[in-house]
Asker: 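Here you go, one structure.
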Amino acid sequence: MTGPKKTSKTRTVIANISLSLDGRVCGPGGEYDMSWIVPHAVTETARDNMIRVTSPATTVLLGRKNYDGFSQYWPTVADNESADPRDRDFSKWLNSVEKIVFSSTLKETTWNNSRVIFADPAAVVEDLRQEAGGDIIVLASSTIIKRLLQAGAIDQLSITLCPEVSGGGAGLFEDGLPPSSWRPQQSVLTETGAVCLLYDRIRDTK
């Protein structure tokens, strides 16, 4: 049996997440205090941006808690005729792509094309880069994004900056991350005043 074919083009690793103006991924009420994000995620422009950022990806990385939430909601949206067409497209894409769930407690998954891995995300990403496929994207799993930032493994940051001051809660960019430089590729203002930002990592090619 032969393994996956090597690809001549290195796969791009993207971190996709929403942040408050004070850099939080959740509110002071804990990791499920995210109601302030919702109005900014369902606008016309935000939905269009999500499709644009995610559609080139063929592998999704999720933490266990995000997997639990995503798998309970998204699989059936594809067949929901009353749902927004872009949400249906996003659901179809999610159902079809490879989904890797990082967990030390989850033993199996029920969502098609998903599997559980108990390993260092940076090591897994390094292996995935050697396989054929499209982009690799982390969807809203801040713990995984932090680990990949620490390892210098993120190529693009896709951030929806919400016009909200959370006043507390977990942040994304913590002390101790290695310094890095980023080049802006996109800045799109949404109907609620959120800004969809896309940055490319600037790497030393010497």
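Just so it is clear, the model here is predicted, and its values are computed rather than measured.
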Asker: Using only atom types and a distance under 3.5 Å, with no angle test, would you say the side chain of Ser91 pairs donor to acceptor with the backbone of Ala78?
Answerer: yes
Asker: Check whether Arg201 reaches the backbone of Asp155 with its side chain - one donor and one acceptor, N or O, closer than 3.5 Å.
Answerer: no
Asker: Just by distance, do the side chain of Ser141 and the backbone of Gly63 share a donor-acceptor pair under 3.5 Å?
Answerer: yes
Asker: Assess whether salt bridge (charged side-chain N to carboxylate O under 4.0 Å, His left out) is satisfied between Arg52 and Asp48, documenting all intermediate values.
Answerer: CA-CA 6 Å; Arg52 181 167 54 249; Asp48 287 340; over 6 Å; no
Asker: Are Glu81 and Arg88 within salt-bridge range, i.e. N to O under 4.0 Å?
Answerer: no
Asker: Side-chain heavy atoms nearer than 4.5 Å, only ILVMFWY residues, links allowed to pass through others: does that put Val38 and Phe70 together?
Answerer: no
Asker: Under the 3.5 angstrom rule, does the side chain of Asn16 hit a backbone N or O of Val138 as a donor-acceptor pair?
Answerer: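 Here the side-chain-to-backbone pair does not exist.
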Asker: Any donor-acceptor pair under 3.5 Å linking the side-chain atoms of Glu164 with those of His40?
Answerer: yes
Asker: Which residue pairs satisfy the salt bridge (Lys or Arg N to Asp or Glu O under 4.0 Å) criterion with at least one member in residues 95-105, sequence neighbours excluded?
Answerer: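 Qualifying pairs, neighbours excluded: Glu98-Arg115.
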Asker: Hey, is the main chain of Ser166 close enough, under 3.5 Å, to the side chain of Asp22 for a donor-acceptor pair?
Answerer: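 At least one qualifying donor-acceptor pair exists.
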Asker: Atom CD1 of Ile14 and atom OG1 of Thr54: how far apart are they, to the nearest 0.5 Å?
Answerer: 8.5 Å
Asker: Are Ser180 and Trp182 close enough that a side-chain donor and a side-chain acceptor fall under 3.5 Å?
Answerer: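 A pair is found: one side chain offers a donor N or O, the other an acceptor, under 3.5 Å apart.
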Asker: Looking at Trp93 and Ala57, would you say the former's side chain and the latter's main chain have a donor-acceptor pair under 3.5 Å?
Answerer: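 The answer is yes, because a donor-acceptor pair under 3.5 Å joins these two groups.
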Asker: Just by distance, do the side chain of Thr59 and the backbone of Ile136 share a donor-acceptor pair under 3.5 Å?
Answerer: no
Asker: Between Arg11 and Asp135, is there a side-chain N and carboxylate O pair less than 4.0 Å apart?
Answerer: no
Asker: Looking at Asp87 and Arg47, is there a salt bridge between them, counting it only when a charged N and a carboxylate O are closer than 4.0 Å?
Answerer: yes
Asker: Hey, does the side chain of Thr109 reach the backbone of Ser114 with a donor-acceptor pair shorter than 3.5 angstrom?
Answerer: yes
Asker: Which residues satisfy the salt bridge (Lys or Arg N to Asp or Glu O under 4.0 Å) test with Lys92, sequence neighbours excluded?
Answerer: none
Asker: Mind checking whether Ile100 and Val13 sit in one hydrophobic cluster, side chains of I, L, V, M, F, W, Y counted as touching below 4.5 Å?
Answerer: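 Yes, same cluster.
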Asker: Nearest 0.5 Å, what's the CG-CZ distance between Asp33 and Arg24?
Answerer: 11.5 Å
Asker: To the nearest 0.5 angstrom, please state how far the NZ atom of Lys146 sits from the CD1 atom of Ile17.
Answerer: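 Between atom NZ of Lys146 and atom CD1 of Ile17 there are 8.5 Å.
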Asker: Does one hydrophobic cluster hold both Tyr67 and Val25, with members joined at side-chain heavy-atom distances below 4.5 Å?
Answerer: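 In one cluster with Tyr67: Val25, no.
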Asker: So with a 6.0 Å cut-off around OH of Tyr199, is the heavy-atom count from everything else above 12?
Answerer: no
Asker: With distance as the sole test, does Asp200 use its side chain to make a donor-acceptor pair with the main-chain N or O of Gln185 at under 3.5 Å?
Answerer: no
